[in-house]
Asks: 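Quick one: structure below, then a few questions.
Just so it is clear, the model here is predicted, and its values are computed rather than measured. Chain letters run A, B, ... following the sequence lines, proteins first, then strands; residues in each count from 1.
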Amino acid sequence: MDTTIDLGRRDFLKAGAALGAGLTIAFYLPSGLAAKLPAATTFKPNAFIRVAPDGSVTVIVKHLEMGQGVNTGLPTLVAEELDVPWDKIRVESAPADATLYNNLQWGKMQGTGGSSSMANSYLQLRRAGATARAMLIAAAADMWKVDAKSLSTRDGMVLHASSRRKAGYGQLAESAATMPVPQDVALKPARDFKYIGKQFKRTDAKAKSNGSAEFAGDLRLPGMLTAVLARPPSFGARAAKVRPDKALALPGVRAVVEVPRGVAVIAADFWAAKKGRDALQIEWDESAAERVSSAELRQRYLDLLDKPGTVARNEGDAATAFTAAPTKFEARFEFPYLAHAPMEPLNCVVHLKDDSCEIWAGSQSQTSDQATAAHIAGLKPEQVFIHTTFAGGSFGRRANPASDYIAEAVSVARATRHLDAPIRLMWTREDDLHGGFYRPMFVHALSAGLDAEGSPVAWSQRIVGQSILAGTPFESAMVKDGIDRTSVEGAANLAYAIPNLHVDLHSPRVGIPVLWWRSVGHTHTAFATEAFMDELALAAKRDPYLFRRDLLAQQPRLKGVLELAADKAGWSKPLAEKPGVRRGRGIAVHESFHTYVAEVAEVSVRPDGSFRVDRVVCAVDCGLAVNPDQVRAQMEGGIGFALSAARHSAITFKDGRVEQANFDSYPLLRISEMPQVEVHIMPSEAAPTGVGEPGVPPLAPAVANALFAATGKRLRRLPFETAELRSA
Amino acid sequence: MLSLIVNGKPREVDVAPDTPLLWVLRDTLGLTGTKFGCGEALCGACTVHLNGAPVRACKTPVSVAAGQKITTIEGASGKAAQALLQAWVELDVPQCGYCQPGQIMSATALLTHNHRPSDADIDAALDGNLCRCATYQRIRAAVHHAAAKMRA
């Protein structure tokens with residue numbers, strides 16, 4: 001591999017131009033250090049790098065660290081090009097700034113999602129590092145009066161081989177800051193990589209183990225008060241009458257205010273605020289609220305499966321080919337609403353003043369959070385300062401175009417300006433599960449026809465479910481011709497070679513707020529397509545692995561991971577039997593966010609239908625794996641996250657009210673249920689793609705296919721109904 | 001006023017006796033390594049030790065803990081805790097990290113009494129500690145790793 005990767009290059013250059021306009025070489029004199037250190041200036045060659053006089057290099061990370069490892073993966077790129085030892089690397093989160101820190105895949109917007117952090121930063125941060133290195137070399141050349149070409153770098157030092165002189169970056173920082181910024185720097189060839197593609201440690205593991213890592217809810221500001229909201233019992237309801245007296249009479253309670261999303265109790269600490277909320281007496285007006293029940297909604301969706309939808313893909317003539325096919329197959333698949341349920345219930349701290357608004361949050365979408373806060377506070381976006389903290393999980397929940405929890409906190413801060421206090425907004429777990437913005441409920445109908453040789457000749461898929469993007473600022477850009485691409489991704493771009501293909505979509509409007517959830521549309525499309533593909537293989541009397549492989553002959557990367565997973569799982573050998581259980585093995589393969597993943601699941605099913613996933617073998621092609629151990633970690637985590645949903649999770653409604661409240665009614669995967677996971681990374685020289693989400697989609701279909709292999713029962717609804725797997 | 005012994009130090013707190021220990025630790029004493037995840041003893045993020053035994057601070061009224069030895073992640077310093085903290089870093093266990101202090105507190109209680117835990121022992125000791133990032137495989141490996149170090 002060389003440095004001519006074209007991924008995002010145009011975007012990079014565009015952003016580079018914008019970045020150049022805002023580039024400042026600032027001078028910063030740390031008090032008390034100036035006299036002792038050779039250089040007194042922190043070198044800031046660009047928006048991403050600070051070289052301090054002590055030689056430490058701070059990398060400014062523009063993405064949210066929510067577990068996926070950006071605070072490790074992105075600094076790796078800088079360490080590589082700048083030649084900095086890993087223990088000299090520090091990490092800081094970027095402020096909200098859509099010009100300097102935009103996601104290059106999203107235009108002028110800062111945010112983290114779509115498994116895009118590494119993909120959009122790969123060249124940007126390498127160039128930032130290479131630029132800084134060139135300026136440090138120039139400073140040394142100037143100091144030693146030698147040709148810059150005679151200098152090299154190693155471990156945070158510039159070296160002059162012939163005279164055996166060397167200078168640390170810290171020593172050169174002051175002078176480097178005065179060097180011209182080079183416009184075109186060469187990047188390292190891959191053969192010289194010391195960090196990229198090698199294994200090394202997370203920058204945040206220690207702080208996250210010993211409890212010192214700071215999440216937004218851990219922040220303590222002088223005079224800070226805590227707000228807990230009472231929110232409506234159904235979406236769209238409003239408080240009609242509020243009696244705050246009992247709450248206000250409690251010790252520690254300072255105020256009760258009505259805000260657009262509910263009624264807030266503001267108190268000295270969380271427990272007082274929570275008790276205050278419990279003591280509120282509120283009459284809710286539910287006349288405009290969504291009062292749907294899950295059973296009724298399900299029937300409405302199933303009825304829509306009989307009506308043609310908006311066409312998302314059409315090739316050949318699937319209807320005619322289906323009619324003519326000697327073997328036909330049809331199946332329906334159902335998926336519930338799902339909550340993200342990050343371990344850290346949503347929270348943030350807002351300090352509102354007359355001319356500024358400071359926010360501390362695990363913000364996944366700084367630009368929309370900033371705009372929302374500015375709008376509510378009556379300020380300009382540039383008067384809103386966001387400190388992005390660690391997020392205790394997110395999985396998409398904090399990348400909310402509605403910026404719901406930020407909006408709540410700012411509106412509470414605005415309504416309590418007279419208290420002149422920073423406001424910490426805290427959600428409880430019940431608030432989280434009742435709070436909306438779920439992965440939408442979906443149903444799919446698939447039909448396919450096989451020719452006399454068992455090859456699929458027709459494939460039709462109809463999808464019904466709410467649009468995530470409808471009603472958001474992204475609708476105009478991301479909903480084309482009536483198709484929300486997040487509803488059909490993974491289905492409309494089916495990769496199998498089938499000559500007649502038809503995919504259509506219904507996007508019913510339902511008053512339940514929905515949102516992207518780790519791997520978005522692929523959460524359901526991968527299940528429907530890969531479980532159905534297994535059924536076709538069976539109908540064709542073919543091995544499900546070989547059947548897929550033949551249909552992917554023209555898809556080298558999908559075929560590659562499929563073969564790697566099958567090989568490592570020992571697919572050609574029979575699965576070992578175990579006494580007292582029925583065993584089975586299943587396979588699935590899927591591309592999402594330009595990353596290709598195949599998984600083989602092995603299950604053991606007990607006579608009562610309960611089962612265990614014993615082992616999952618995963619093969620991933622994410623281009624060049626910048627940090628292989630973190631790629632493995634994301635696959636392991638994605639597999640556990642997906643299994644959690646497939647086994648356990650559903651948000652359901654009765655008369656508009658969510659029926660789940662906490663982890664007893666919305667259970668998550670526990671350690672005893674975690675399979676042994678093996679991850680194999682496809683060697684690749686292609687540009688890196690994301691790994692946060694792509695481990696999720698293939699898991700549930702691989703398990704469903706394994707359960708079929710073990711029991712002969714097809715489970716087409718998630719979460720799995722184990723009662724259906726009982727021995728006859 | 002209630003008297004507590006937190007991480008070996010006596011502390012006086014002026015809080016309602018029904019306040020959960022979790023919120024006294026976090027909001028009154030500023031010990032924020034102990035996390036709030038569910039408030040119903042269902043997730044284990046708030047696990048601390050009361051006289052060496054793991055308890056869920058979110059459902060433990062502070063009055064119950066008065067006068068007894070409370071250990072939080074900030075005070076986790078014995079041989080088992082040190083081995084675990086080191087293993088967590090060596091194996092890069094954390095992802096989002098929010099549940100990990102609670103995991104380590106539960107694992108510390110296990111290793112203090114069992115120097116050679118089986119997978120089943122680990123599952124039993126840690127099944128009450130949810131990890132939404134599903135770092136379970138590394139948690140299991142890190143507990144074994146720490147146990148082996150302690151025996152060495």
Side-chain angles (χ1 to χ4, degrees), chain A residues 65-69 201-202 204-215 217-218 220 226 251 268-272 274 341-345 390-395 426 428-430 629-630 633-634 636-641 643-644 662-664 668-677, chain B residues 15-16 18-20 22-24 26-28 30-40 42-43 45 72-74 76 84-101 103-104 119-120 122-140:
Chain A
E65 175 57 74
M66 50 186 161
Q68 84 284 37
K201 304 318 258 173
R202 284 185 72 111
D204 54 3
K206 189 176 175 188
K208 284 180 171 179
S209 301
N210 67 22
S212 63
E214 197 165 74
F215 298 85
D218 298 335
R220 289 153 59 85
T226 299
D269 55 36
F270 171 83
W271 192 245
K274 160 93 168 38
M343 286 312 300
E344 178 194 19
F390 285 130
S394 183
F395 317 108
M426 299 280 286
T428 63
R429 179 58 56 195
E430 291 80 5
D629 194 47
Q630 287 308 305
Q634 285 308 298
E636 292 162 12
I639 284 163
F641 191 85
L643 184 57
S644 191
N662 209 314
F663 293 132
D664 46 354
L668 302 178
L669 195 80
R670 293 179 182 275
I671 194 170
S672 58
E673 300 169 314
M674 183 72 190
Q676 177 200 336
V677 177
Chain B
V15 295
D18 68 337
T19 309
L22 171 65
W23 295 105
V24 176
R26 288 185 59 82
D27 281 359
T28 312
L31 294 168
T32 54
T34 306
K35 300 301 184 196
F36 167 56
C38 69
E40 294 290 344
L42 296 165
C43 80
T72 70
I73 186 72
E74 290 88 351
L84 286 160
L85 283 164
Q86 208 181 331
W88 246 245
V89 173
E90 279 176 29
L91 274 65
D92 265 343
V93 173
Q95 289 187 24
C96 91
Y98 196 77
C99 73
Q100 301 297 351
Q103 304 277 2
I104 287 175
D119 277 353
I122 295 170
D123 285 0
L126 295 180
D127 230 24
N129 288 78
L130 294 177
C131 175
R132 187 63 166 142
C133 305
T135 61
Y136 297 127
Q137 175 155 302
R138 290 183 189 226
I139 289 174
R140 213 181 272 150

Asks: What residue, out of A:Gly392, A:Ala205, A:Ser672, has the most heavy-atom pairs lying under 4.5 Å from chain B?
Replies: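 Option with the top pair count is A:Ser672.
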Asks: Answer yes or no: is there a donor N or O on one side and an acceptor on the other, between the side chain of A:Asn662 and the main chain of B:Cys38, under 3.5 Å?
Replies: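 Flag set: sc A:Asn662 to bb B:Cys38 pair under 3.5 Å.
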Asks: Under a 4.5 Å heavy-atom cut-off, does chain A meet the side chain of B:Thr135, its backbone, both or neither?
Replies: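 Neither part, no heavy atoms under 4.5 Å.
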Asks: When rounded to the nearest 0.5 angstrom, what is the spacing between CD in B:Glu90 and NZ in A:Lys206?
Replies: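 With rounding to 0.5 Å, CD (B:Glu90) is 12.0 Å from NZ (A:Lys206).
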Asks: Could you tell me which of A:Thr428, A:Asp204, A:Asn210 has the largest number of non-hydrogen atom pairs under 4.5 Å with chain B?
Replies: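 Going by pairs under 4.5 Å, I would pick A:Asn210.
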Asks: Among B:Gly128, B:Cys131, B:Pro20, which has the most heavy-atom pairs under 4.5 Å with chain A?
Replies: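 Among the listed options, the one with the most contacts to chain A is B:Pro20.
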Asks: Who among B:Pro101, B:Gly30, B:Pro94, B:Ala16 has the most heavy-atom pairs with chain A under 4.5 Å?
Replies: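 Between B:Pro101, B:Gly30, B:Pro94, B:Ala16, the count favours B:Pro94.
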Asks: Locate the shortest heavy-atom distance separating B:Arg140 from A:Met674; write the atom from each residue and the value.
Replies: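 So the two residues come closest at NH2-O, 3.5 Å.
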Asks: Using every non-hydrogen atom in the two residues, find where A:Gly640 and B:Ala134 come nearest and quote the distance to one decimal.
Replies: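 For A:Gly640 versus B:Ala134, the nearest heavy atoms are CA-CB, 3.6 Å.
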Asks: Considering all heavy atoms of both residues, which atom of A:Lys201 and which atom of B:Val89 are nearest to each other, and what is their separation?
Replies: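 For A:Lys201 versus B:Val89, the nearest heavy atoms are CE-O, 3.5 Å.
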Asks: For B:Tyr136, give me all partners under ring pair (Phe, Tyr, Trp, His ring centres under 6.0 Å), at least two apart in sequence or on another chain.
Replies: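 Per chain and number, B:Tyr136 pairs via ring pair (Phe, Tyr, Trp, His ring centres under 6.0 Å) with no residue.
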Asks: Please state whether the side chain, the backbone, both or neither of A:Glu430 comes within less than 4.5 Å of a heavy atom of chain B.
Replies: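 Side chain only.
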Asks: Considering only heavy atoms and a distance below 4.5 Å, find which of B:Gly33, B:Gly97, B:Ala124 pairs most often with chain A.
Replies: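 Winner by heavy-atom pair count: B:Gly97.
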Asks: Most heavy-atom pairs under 4.5 angstrom with chain A, which of B:Leu84, B:Leu85, B:Asn129?
Replies: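 Highest number of heavy-atom pairs under 4.5 Å: B:Leu85.
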Asks: How far apart are the C-alpha atoms of A:Phe215 and B:Thr32, what are their side-chain angles, what is the distance that settles it, and do they pass the side chain to side chain contact (heavy atoms under 4.5 Å, CB included) test?
Replies: CA-CA 9 Å; A:Phe215 298 85; B:Thr32 54; over 6 Å; no
Asks: By a 4.5 Å heavy-atom criterion (distance strictly below it), what part of A:Met343 contacts chain B: side chain, backbone, both, or neither?
Replies: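 Both backbone and side chain of A:Met343 come within 4.5 Å of chain B.
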Asks: Between A:Pro675 and chain B, with a heavy-atom cut-off of 4.5 Å, which part of the residue counts as in contact: side chain, backbone, both or neither?
Replies: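 The backbone, not the side chain.
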Asks: Among B:Thr34, B:Ile73, B:Asp127, which residue forms the greatest number of heavy-atom pairs with chain A at distances under 4.5 Å?
Replies: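 Counting heavy-atom pairs under 4.5 Å, the top option is B:Asp127.
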Asks: Can you say whether B:Leu91 sits under 4.5 Å from chain A via the side chain, the backbone, both, or neither, judging by heavy atoms?
Replies: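 The backbone, not the side chain.
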Asks: Thinking salt bridges, do A:Asp218 and B:Lys35 make one under a 4.0 Å N-O criterion?
Replies: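 Salt bridge: yes.
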Asks: Take B:Gln95 and A:Lys208 through the side chain to side chain contact (heavy atoms under 4.5 Å, CB included) test and state the conclusion after the steps.
Replies: CA-CA 8 Å; B:Gln95 289 187 24; A:Lys208 284 180 171 179; over 6 Å; no
Asks: Under 4.5 Å from any heavy atom of chain B, what part of A:Ser209 do you find: side chain, backbone, both or neither?
Replies: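 Backbone plus side chain of A:Ser209, per the 4.5 Å heavy-atom cut-off to chain B.
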Asks: Give a yes or no on whether the backbone of B:Gln137 and the side-chain of A:Glu636 come within a donor-acceptor separation of less than 3.5 Å.
Replies: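 It does not hold such a pair.
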Asks: Report yes if some heavy atom in the side chain of B:Ile122 is under 4.5 Å from a heavy atom in the side chain of A:Ile671; otherwise report no.
Replies: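 B:Ile122 reaches A:Ile671 side chain to side chain.
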Asks: Between B:Asp92 and A:Gln630, is any pair of side-chain heavy atoms under 4.5 Å apart?
Replies: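 Contact flag for B:Asp92/A:Gln630 side chains = yes.
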Asks: So which of B:Val15, B:Asp18, B:Asp27 actually passes side chain to side chain contact (heavy atoms under 4.5 Å, CB included) with A:Trp271?
Replies: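 Single side chain to side chain contact (heavy atoms under 4.5 Å, CB included) partner of A:Trp271 among B:Val15, B:Asp18, B:Asp27: B:Asp18.
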Asks: Answer with side chain, backbone, both or neither: which region of A:Ala272 has an atom nearer than 4.5 Å to a non-hydrogen atom of chain B?
Replies: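 Neither the backbone nor the side chain of A:Ala272 comes within 4.5 Å of chain B.
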Asks: With a 4.5 angstrom heavy-atom cut-off, which part of A:Arg202 approaches chain B: side chain, backbone, both or neither?
Replies: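 Its backbone and side chain both get close to chain B.
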Asks: Quick one: CZ on A:Phe663 to CG on B:Leu130, what's the gap to the nearest 0.5 Å?
Replies: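 Output value for this atom pair is 6.0 Å.
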Asks: Taking every non-hydrogen pair under 4.5 Å, which of A:Ala341, A:Pro342, A:Ser394 racks up the most with chain B?
Replies: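 The residue among A:Ala341, A:Pro342, A:Ser394 with the greatest pair count is A:Ala341.
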Asks: So what's closer than 4.5 Å to chain B heavy atoms on A:Ala391: side chain, backbone, both or neither?
Replies: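 Contact with chain B: backbone only.
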Asks: Determine, for A:Arg429 against B:Glu40, whether the closest basic-nitrogen to carboxylate-oxygen distance falls under 4.0 angstrom.
Replies: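 B:Glu40 and A:Arg429: not salt-bridged.
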Asks: Tell me, out of A:Asp629, A:Thr226, A:Leu643, who's got the most heavy-atom pairs with chain B below 4.5 Å.
Replies: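 Heavy-atom pairs under 4.5 Å are most numerous for A:Asp629.
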Asks: Can you say whether the rings of A:Phe270 and B:Phe36 are parallel (under 30°), tilted (30 to 60°) or perpendicular (over 60°)?
Replies: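 Judged by the thresholds at 30° and 60°, the geometry between A:Phe270 and B:Phe36 is tilted.
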Asks: Give a yes or no on whether the backbone of A:Leu668 and the side-chain of B:Arg132 come within a donor-acceptor separation of less than 3.5 Å.
Replies: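 Between the backbone of A:Leu668 and the side chain of B:Arg132 there is no qualifying donor-acceptor contact (under 3.5 Å).
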Asks: Among all residues two or more places apart in sequence or in another chain, which pass the side chain to side chain contact (heavy atoms under 4.5 Å, CB included) test with B:Ala87?
Replies: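 Side chain to side chain contact (heavy atoms under 4.5 Å, CB included) list for B:Ala87, sorted by chain: B:Ala142, B:His145, B:Ala146.
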Asks: Taking side chain as everything from C-beta outward and backbone as N, CA, C, O, which of these in A:Gln68 sits under 4.5 Å from a heavy atom of chain B? Side chain, backbone, both or neither.
Replies: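 For A:Gln68, there is no contact with chain B at all, as no heavy atom is under 4.5 Å.
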Asks: Can you tell which of B:Gln103, B:Gln86, B:Arg26, B:Glu74 has the highest number of heavy-atom pairs within less than 4.5 Å of chain A?
Replies: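 It is B:Arg26.
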